[in-house]
Amino acid sequence: MIKAKRGTKDIFKDEIYSWQWIEDAAKETFQNAGFAEIKTPIFEATELFNRGVGDSTDIINKEMYTFCAPKSDESITLRPENTASVVRAYIEHNMQRMSPPSKFWYFGPMFRYERPQAGRQRQFYQAGVEMFGVKEPLADAEVILCAVDFLDKLGLSNLEVELNSLGCNECKSEYRNSIKEAIRPYLDEMCDDCKVRFEKNPLRILDCKNDECKKVLEKINDVIYKDYICDNCKEHYEKLKSYLDDLNIKYIENKLLVRGLDYYTRTVFEIKSTSLGSQSAVCGGGRYDNLVETLGGMPTPAVGFAMGVERLCALIEKKQAPMLDYYIVSTKPNEAIKLAQKLRKEGKKVEFDLANKKFTKQLEKASKTANCALILDEEEIQGNFYSVKDLKTSEQYRIDNFKELL
RNA sequence: GCGGAUAUCGUCAAGUGGUUAAGACCUCGGAUUGUGGUUCCGAUAUGCGUGGGUUCGAGUCCCACUAUCCGCCCCA
């Protein structure tokens, strides 16, 4: 017996309707805001993610599905996220020459080799947007608005927007050094993970959940909460907050919000649900003003987010299969299939019996799956009519001359 | 990678070492030969995640493996 691999799953039956509904809502919300869909390949050159996502991240270090393409020694990786791919496409197709902003949305599977858990799969789906070419905080506000609108359309509540600014390259590294120097005397008291983070990515220590580490962080609170971001970054951040205030979008400022991907600069944000377990982040994003240049393009500011579709699916009200307009009840398959063909051409959702079931069984099936039954059997064919039975009200009426209709 | 729990039909489940593995839902068939959603009757696991072991006897006890779930880590 061959089974689906660990951390992957089949999405079908009732679940697929929730899925389709989410994808439809994403398409509508994002396209209404002027984002165009982009479908990038599921695999890319490994180098793209090494450079794009950052080599201090867990994603790069232990979670990528990397392999060699057949008959070559070229290293290929299943995409662990989509931002690097979209940036690659942006550069490759010379979209910098187009009038900014360039706005994209996407929906598709990503792959990370992690231990599966509630709301975490190895093949998981993300819906997200990326916007290129606008350095002003208005773009950050637009992107956050887009995320909030989408979640609102899904009917979700119990959500919290968390917001922080990491600063630009200069103040970010200054901040990093200050944190590093502040922590250095306490390094022995910290967990093994944090000792590694200290060397590779000190800012990640800020959201360590280890109690000992938290105690250390309290000791250096004054360093953490001191404003290290430069005047320009500060102005950017303040302006963003005022836009959000004007939009009446509530947010919580969280100095410890750092995010795991290396490419973020200035604005970072997360949207969390209080109704999920430990995998509570449904949306994460921010600004990445250096990434286009890092990947070989012209310096181009950019901002975006990604949402975890499995987590959204767990939060929304369950959806069901749409009802058929008609189920054709007939033991005359030749006539039934022709009637189905005609009605489907008119855009109706129509099914008929394919399993040679008895009349009553067909009607039973109709009552479960359709709004109306079309009754077309021996008697009707003789009399050149068929009957429409409304299965809610049990009202039944005749359509005459059905042979001419076909 | 680390810690904890679980594994009996498509789904939910009873089962506490002793005949033939309850029950419910779903599905299928019949009562109803052309009128459904209610009702009634019937069918459906030679099988209890996989492989070993203990025992006269194992779904039940032991060991290993695998998978799933929950948490850590990380992230969406």
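The sequence lines fix the lettering, A, B, ..., with proteins before strands; numbering per chain opens at 1.
- In this structure, the side chains of A/Asn82 and A/Met110 come closer than 4.5 Å at one or more pairs of heavy atoms.
- For the salt bridge (Lys or Arg N to Asp or Glu O under 4.0 Å) test, residues two or more places apart in sequence or in another chain that qualify with A/Glu47 are A/Arg51.
- Across all strands shown, B/rC2 pairs with B/rG71; the Watson-Crick or G-U wobble distances both stay below 3.5 Å.
- For B/rG47, there is no paired base (Watson-Crick or G-U wobble, both distances below 3.5 Å).
- For B/rC75, neither phosphate oxygen OP1 nor OP2 lies less than 4.0 angstrom from any side-chain nitrogen or oxygen of A/Arg112.
- Contacts of A/Gly285 with the nucleic acid, taken as non-hydrogen atoms under 4.0 Å apart, are absent.
- Going from atom CD of A/Glu130 over to atom C1' of B/rA76 covers 13 Å, rounded to whole Å.
- Among residues two or more places apart in sequence or in another chain, the ring pair (Phe, Tyr, Trp, His ring centres under 6.0 Å) test is passed with A/Tyr65 by A/Tyr113.
- Separation of the P atoms belonging to B/rU50 and B/rG10 is 13 Å when rounded to the nearest angstrom.
- Comparing B/rG36, B/rC69, B/rG34 against the side chain of A/Ser394 picks out B/rG36 as the nearest.
- Nucleotides B/rG49 and B/rA67 have their P atoms positioned 16 Å apart, rounded to a whole Å.
- The aromatic rings of A/Phe132 and A/Phe104 sit perpendicular to each other, their planes meeting at more than 60°, with 30° as the lower class boundary.
- Taking atom P on both nucleotides, B/rG17 is separated from B/rC61 by 8 Å, rounded to a whole Å.
- Of the nucleotides present, B/rU66 is the one that pairs with B/rA7 by Watson-Crick or G-U wobble criteria, both distances under 3.5 Å.
- In this structure, the CD atom of A/Glu63 is 10 Å from the P atom of B/rA76, given to the nearest Å.
- Looking at A/Glu380, its side chain comes within 3.5 Å of the base of B/rG34 through a donor and an acceptor atom.
- The aromatic rings of A/Tyr228 and A/Tyr175 are tilted relative to each other, their planes meeting at an angle between 30° and 60°.
- Nucleic acid contact for A/Glu81: none, since no nucleic acid atom lies under 4.0 Å from a heavy atom of the residue.
- Heavy atoms of A/Glu270 sit nowhere under 4.0 angstrom from any nucleic acid atom.
- In this structure, the nucleotide among B/rG36, B/rC69, B/rC75 sitting nearest to the side chain of A/Leu363 is B/rG36.
- Looking at heavy-atom distances under 4.0 Å, A/Ala118 makes contact with sugar-phosphate atoms alone, never a base.
- The listed nucleotides are B/rG34, B/rC75, B/rU68; the one nearest the side chain of A/Ile375 is B/rG34.
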Side-chain donor/acceptor pairs under 3.5 Å, residues 146-163 of chain A, sequence neighbours excluded:
| residue | atom | partner | partner atom | Å |
| --- | --- | --- | --- | --- |
| A/Lys153 | NZ | A/Glu28 | OE2 | 3.1 |
| A/Asn158 | ND2 | A/Ser275 | OG | 3.4 |
| A/Glu162 | OE1 | A/Asn254 | ND2 | 2.8 |

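- The CD-P distance, from A/Glu114 to B/rC2, rounds to 16 Å in whole Å.
- Of the candidates B/rU35, B/rG10, B/rG34, B/rU35 carries the atom nearest the A/Lys389 side chain, counting heavy atoms from C-beta on.
- With sequence neighbours excluded, the residues forming a salt bridge (Lys or Arg N to Asp or Glu O under 4.0 Å) with A/Glu181 are A/Arg184, listed by chain and number.
- Atom CG in A/Asp377 sits roughly 13 Å away from atom P in B/rU33 (whole-Å rounding).
- Closest to the A/Gln126 side chain, of the nucleotides B/rU35, B/rC75, B/rA76, is B/rA76.
- OP1 or OP2 of B/rU35 has not a single side-chain nitrogen or oxygen of A/Gln396 nearer than 4.0 Å.
- Rounded to whole angstrom, the span from the CD atom of A/Gln117 across to the C1' atom of B/rU68 amounts to 12 Å.
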Dump the pairs, protein N or O against N or O of nucleotides 27-31 of chain B, anything under 3.5 Å, distances to one decimal.
| residue | atom | partner | partner atom | Å |
| --- | --- | --- | --- | --- |
| B/rC28 | OP1 | A/Lys357 | NZ | 3.3 |
| B/rG30 | OP1 | A/Lys358 | NZ | 2.5 |

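- In this structure, A/Phe402 and A/Tyr386 have perpendicular ring planes: the angle between them is above 60°, well past the 30° mark.
- Toward the 5' end of RNA chain B, the nearer of the two residues A/Arg115 and A/Gln121, judged by each one's closest nucleotide, is A/Arg115.
- For A/Tyr288, the ring pair (Phe, Tyr, Trp, His ring centres under 6.0 Å) test picks out A/Tyr263, with sequence neighbours left out.
- In this structure, A/Arg6 atom CZ and B/rU66 atom C1' are separated by 9 Å, rounded to whole Å.
- The residue among A/Ala281 and A/Lys13 whose nearest nucleotide of RNA chain B is located toward the 5' end is A/Lys13.
- Across all strands shown, nothing is found opposite B/rU20 as a Watson-Crick or G-U wobble partner with both distances under 3.5 Å.
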